Amino acid sequence: MPTHSITNQKIINTLREIALYLRATDVPFKPQAYETAAEGIAGLESELADMYKRCGKKCIKGIPGVGESIAEKIEEIVTTGRLEFYAELKKKYPFDMLALTNIQEVGPKTALKLYKELGVKTVNDLQRACKANIVEKVEGLGHKSEQKIMRGIAFLKSNKGRRIIHDVLPLARHIVERLEKIDGVTHVDITGSLRRRKETIGDIDLVATTSKPRELIAAFKAIPEVSRVLESGNEKIAVRYNSGILGDLLILPPESYGAALLHFTGSREHNILLRELAISKKMKLSEHGLFKGNKCVASKTEESIYKALGLVWIPPELRIGADEIEAAKNNEIPDLIPYGSIKGDLQIQSSWTDGTASIDEMARAAKKYGLSYMAVTDHTKALAMTHGLDEKRLRAQGREIDKLNKKLRGFTILKSTECDILKDGRLDLRDDALRALDLVTVSVHTFFEMPEREMTARIIAAIKHPLVNILLHPTGRVVGRRAPYKIEMDRVMRAAKDFGVALEINGSERLDLHEQYIREAIKQKVKLVISSDAHDPSHYVNLEHGIAQARKGWARKADILNTKPCDQLLKALKRV
DNA sequence: GCCGTTTTCGGCCCGACTGTTTTCAGTCG
């Protein structure tokens with residue numbers, strides 16, 4: 001019977017491991033199919049086990065990259081908890097393929113060879129084998145390979161894998177600034193998952209053009225942020241930065257810059273679709289350009305390449321290898337909300353509760369960031385650990401805001417609250433206190449483990465409360481740290497639509513809503529806002545991450561209410 | 001194993017770099 005212990009991640013790992021075993025044994029084409037299916041599942045927001053419960057194999061087959069055979073395998077996993085085909089592979093090759101291939105320089109073939117020759121089953125086995133200098137004796141490997149593998153293992157153990165974009169983007173921009181100053185350099189751009197604004201980043205990919213490649217290569221290797229050079233060719237250098245993150249720099253002639261930008265921005269799946277499209281038009285696409293025979297059709301700009309393929313330019317945030325190509329063919333790519341177009345922040349915490357700065361300091365920082373209003377949304381008393389406000393302190397805070405508003409020019413502070421939704425769906429503050437505010441935001445911070453039906457009812461009860469304007473971080477997730485709570489989002493969205501409550505796109509490390517829900521909310525005409533959840537004056541940059549999230553969800557400026565001036569925003573937040 | 005503005009069969013993305021080799025296999029993005 002279906003169990004909750006079968007997570008999507010577990011199924012993804014199983015499919016990926018199967019792909020690796022098949023690759024190791026030179027099975028043609030199937031590995032790609034299993035990887036594509038795993039990728040399709042990774043893009044899902046709902047649990048496969050739940051989908052299967054709801055509508056069986058039919059739903060599973062609807063996932064891109066999943067056909068008859070893999071759908072059957074997923075069915076077997078969610079109903080029995082195991083997969084015979086996988087178990088047989090594991091019996092024949094009882095080593096940890098996923099973990100071993102996670103090591104840089106170790107692919108499926110090397111892992112298999114190490115198992116066959118040395119009996120290596122785990123990363124620890126391999127580390128011991130390297131130390132005993134027996135890896136270099138294996139045919140096809142040598143001393144240098146052994147050294148590389150050893151370093152790869154050390155790196156893996158020191159590093160917890162991908163990092164949240166909030167931590168990586170500032171470093172990447174800093175490196176770009178440094179490289180732009182080097183003599184001869186004409187362009188430097190961030191590419192890869194950072195340019196696509198994925199929520200977690202594995203490495204920093206940069207591309208550059210220069211009239212003096214030797215100088216750039218030498219200068220790049222010498223910048224203080226680089227701790228080790230891993231690879232160095234004429235047009236590609238791979239390094240590790242001091243913070244532990246990996247980075248690549250590609251150096252290219254200006255005439256193929258667009259093709260290179262396109263290629264290294266990815267995603268891999270998007271690139272594959274583009275190349276297949278090129279082939280169908282009797283052309284060939286690579287990082288050097290789009291070619292018809294030997295003739296280069298387009299290469300200087302991304303736009304020219306998309307155009308030659310019969311597509312409009314696709315913003316990087318949408319390049320995931322799903323339906324964006326089809327949309328580009330039909331000229332249906334929306335005009336995405338531009339960065340920097342948020343006029344006011346609707347969630348900030350001050351030192352009245354768990355923020356680091358006074359309301360005054362937060363307001364000045366907001367103004368400096370270019371905003372014209374902000375809502376003060378301190379926590380409420382149920383969250384004792386944040387020293388949450390009760391009715392009396394909230395009134396006192398209101399008086400302070402009145403005073404500040406008289407002093408500030410060209411900036412408005414809105415009285416608000418992040419009112420806790422109690423376990424039974426009631427709110428943490430009395431209605432008379434809420435009525436005195438400019439707007440009311442609500443959110444869940446406790447009892448995350450409630451059953452799906454109860455959690456849904458709890459949140460819908462809060463949405464129905466006539467004074468509520470915004471539901472904050474609607475699914476409760478924190479990237480890399482906390483999974484979303486179980487909730488029927490389709491019902492929550494319908495309630496938000498019916499009662500005129502906006503959903504927040506939280507730009508902090510929560511990145512909640514997920515982009516798939518954003519896209520769905522827009523289709524359903526649910527109101528949306530973006531906020532920073534700033535607890536410190538430096539946190540307004542989270543708005544940029546919130547916008548990125550909205551862009552990934554195909555949002556236009558008109559879809560996000562706080563792109564409007566303050567008076568219009570308050571009007572738009574009015575309940576229906 | 002998946003998929004369809006060439007297709008329900010016959011295709012399936014492209015190139016740089018490295019190390020171990022003396023022409024290429026494996027890995028990566």
Side-chain angles (χ1 to χ4, degrees), chain A residues 15 18-20 22-24 26-40 61-74 85 100-114 135-149 152 191-196 201-207 229-238 246-252 256 259-291 309-311 321 325-326 329-330:
Chain A
L15 296 177
I18 290 172
L20 289 165
L22 297 177
R23 224 178 257 292
D26 275 324
V27 175
F29 307 119
K30 290 188 187 185
Q32 183 65 42
Y34 278 95
E35 278 160 18
T36 310
E39 203 60 43
K61 263 199 79 173
I63 300 163
V66 178
E68 187 61 36
S69 170
I70 293 181
E72 266 172 29
K73 291 187 171 68
I74 293 171
F85 176 60
L100 286 167
T101 52
N102 218 358
I103 303 166
Q104 288 276 323
E105 304 299 324
V106 179
K109 299 209 164 151
T110 307
L112 180 61
K113 200 189 295 182
L114 289 166
V135 170
E136 63 177 40
K137 309 262 179 353
V138 176
E139 196 185 338
L141 300 173
H143 183 64
K144 284 194 167 175
S145 301
E146 185 176 85
Q147 295 290 309
K148 266 192 169 180
I149 291 170
T191 67
S193 52
L194 254 181
R195 184 165 178 238
R196 302 197 313 277
I201 305 296
D203 54 13
I204 298 175
D205 293 321
L206 306 174
V207 298
V229 177
L230 303 172
E231 207 179 271
S232 179
N234 290 327
E235 58 184 58
K236 182 185 170 190
I237 306 152
L246 299 173
D248 287 328
L249 173 67
L250 282 303
I251 298 169
L252 298 136
S256 60
L261 205 52
L262 184 64
H263 175 80
F264 291 107
T265 296
S267 66
R268 184 179 307 194
E269 293 74 22
H270 181 84
N271 286 349
I272 289 173
L273 291 178
L274 287 183
R275 289 192 187 136
E276 285 172 355
L277 184 60
I279 291 169
S280 77
K281 293 179 183 292
K282 311 265 186 246
M283 294 189 275
K284 189 185 73 166
L285 179 62
S286 77
E287 64 260 51
H288 302 297
L290 181 64
F291 294 89
L309 289 170
L311 306 173
I325 308 249
E326 207 50 39
K329 265 184 209 163
N330 303 327

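Worth saying up front: this structure is predicted, and the values here are computed from it rather than measured. By convention in this document, chain letters (A, B, ...) are assigned in the order of the sequence lines, proteins followed by strands, and residues within each chain are numbered from 1.
Summarising the geometry, the separation between NZ on A/Lys113 and C1' on B/dG19 is reported as 11 Å, rounded to the nearest angstrom. The nearest whole Å value for the distance from the CZ atom in A/Arg23 to the C1' atom in B/dG1 is 13 Å. Straight-line distance from the CD atom of A/Glu72 to the C1' atom of B/dG1: 12 Å, rounded to whole Å. Distance A/Leu112 CG to B/dG26 C1': 13 Å, rounded to the nearest Å. Between A/Glu35 atom CD and B/dC3 atom P the separation is 15 Å, expressed in whole Å. Between the CD1 atom of A/Ile272 and the P atom of B/dC2 there is a distance of 16 Å, given to the nearest Å. Atom CD of A/Glu276 is separated from atom P of B/dT6 by 12 Å (rounded to the nearest Å). Taking atom NZ of A/Lys148 as the reference point, atom P of B/dC17 lies 12 Å away to the nearest angstrom.
Contacts of A/Ser232 with the nucleic acid, taken as non-hydrogen atoms under 4.0 Å apart, involve only primed sugar atoms and P, OP1 or OP2. In this structure, A/Ile103 reaches the sugar-phosphate backbone alone: every heavy-atom distance under 4.0 Å involves primed, P, OP1 or OP2 atoms, never a base. Residue contacts for A/Lys329: at a heavy-atom cut-off of 4.0 Å it reaches no nucleic acid atom on any strand shown. Counting any heavy atom pair closer than 4.0 Å across all strands shown, A/His288 reaches sugar-phosphate atoms only and no base atom. Here A/Pro108 lies in heavy-atom contact (under 4.0 Å) with sugar-phosphate atoms only. Nucleic acid contact for A/Leu285: sugar-phosphate only, since backbone atoms but no base atoms lie under 4.0 Å from a heavy atom of the residue. Backbone-only contact: A/Leu141 has heavy atoms under 4.0 Å from sugar-phosphate atoms and none from a base. Heavy atoms of A/Lys236 sit under 4.0 angstrom from primed sugar atoms or phosphate atoms, though from no base atom. Within 4.0 Å (heavy atoms only), A/Glu235 reaches sugar-phosphate atoms of the nucleic acid but no base atom. Counting any heavy atom pair closer than 4.0 Å across all strands shown, A/His143 reaches sugar-phosphate atoms only and no base atom.
Mapping A/Ala37 and A/Glu105 onto DNA chain B by nearest heavy atom places A/Ala37 closer to the 5' end of the strand. Toward the 5′ end of DNA chain B lies the nearest nucleotide of A/Lys282, the other residue of the pair A/Lys282 and A/Lys109 mapping further downstream.
By the stacking rule of 5.5 Å between ring centres and under 30° between planes, A/Phe29 does not stack on the base of B/dC2.
When each of B/dG1, B/dT20, B/dG15 is scored by its nearest atom to the side-chain atoms of A/Lys30, the top-ranked nucleotide is B/dG1. In this structure, of B/dG1, B/dG29, B/dT18, it is B/dG29 that holds the atom nearest to the side chain of A/Gln104. In this structure, of B/dC14, B/dC12, B/dT20, it is B/dT20 that holds the atom nearest to the side chain of A/Ser145. Nearest nucleotide to the A/Ser286 side chain, out of B/dG15, B/dG19, B/dC17: B/dG15. Ranking B/dT6, B/dC17, B/dG15 by closeness to the A/Glu231 side chain, first place goes to B/dC17. Here the side chain of A/Glu287 is nearest to one of B/dG15, B/dC2, B/dT27, namely B/dG15. Across B/dG1, B/dT6, B/dG29, the shortest atom-to-atom separation from the side chain of A/Ser280 is found for B/dT6. Looking at the side chain of A/Asp248, the nearest of the listed nucleotides B/dT6, B/dG29, B/dC12 is B/dG29.
At a threshold of 4.0 Å, the pair A/Asp205-A/Arg195 does not count as salt-bridged, since none of the basic side-chain nitrogens sits closer than that to a carboxylate oxygen.
With hydrogens and angles ignored, the 3.5 Å screen pairs a side-chain donor or acceptor of A/Glu146 with a backbone N or O of A/Glu136. Judged by distance alone, with hydrogens and angles left aside, the side-chain atoms of A/Ser267 form a donor-acceptor pair with the main-chain N or O of A/His270 at under 3.5 Å. Distance alone, capped at 3.5 Å, places no donor-acceptor pair between the A/Thr101 side chain and the A/Pro108 backbone.
B/dT8 makes up no base pair with any nucleotide shown, lacking Watson-Crick or G-U wobble contacts both under 3.5 Å.
When the C1' atom is used for both B/dT5 and B/dG1, the distance is 24 Å, rounded to whole Å. Going from the P atom of B/dG15 to that of B/dT8 covers 29 Å, rounded to whole Å. Nucleotides B/dT21 and B/dG26 have their P atoms positioned 13 Å apart, rounded to a whole Å. Taking the C1' atoms as reference points, B/dC12 lies 13 Å from B/dT7, given to the whole Å. Atom P of B/dC28 sits at a distance of 26 Å from the matching atom of B/dT23, rounded to the whole Å. Atom C1' of B/dC14 sits at a distance of 25 Å from the matching atom of B/dC9, rounded to the whole Å.
Here the shortest heavy-atom pairing between A/Ala278 and A/Leu290 reads CB-CD1, 3.9 Å.
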CA sep, side-chain torsions, deciding dist, call: A/Val138, A/Lys113, side-chain contact (heavy atoms from CB on, under 4.5 Å): CA-CA 8 Å; A/Val138 176; A/Lys113 200 189 295 182; 3.6 Å; yes

Kindly indicate, with the supporting measurements, whether the criterion side-chain contact (heavy atoms from CB on, under 4.5 Å) is fulfilled by A/Leu273 and A/Glu276. CA-CA 5 Å; A/Leu273 291 178; A/Glu276 285 172 355; 4.0 Å; yes

Mind running side-chain contact (heavy atoms from CB on, under 4.5 Å) on A/Arg23 and A/Lys30 for me, showing each step along the way? CA-CA 8 Å; A/Arg23 224 178 257 292; A/Lys30 290 188 187 185; over 6 Å; no

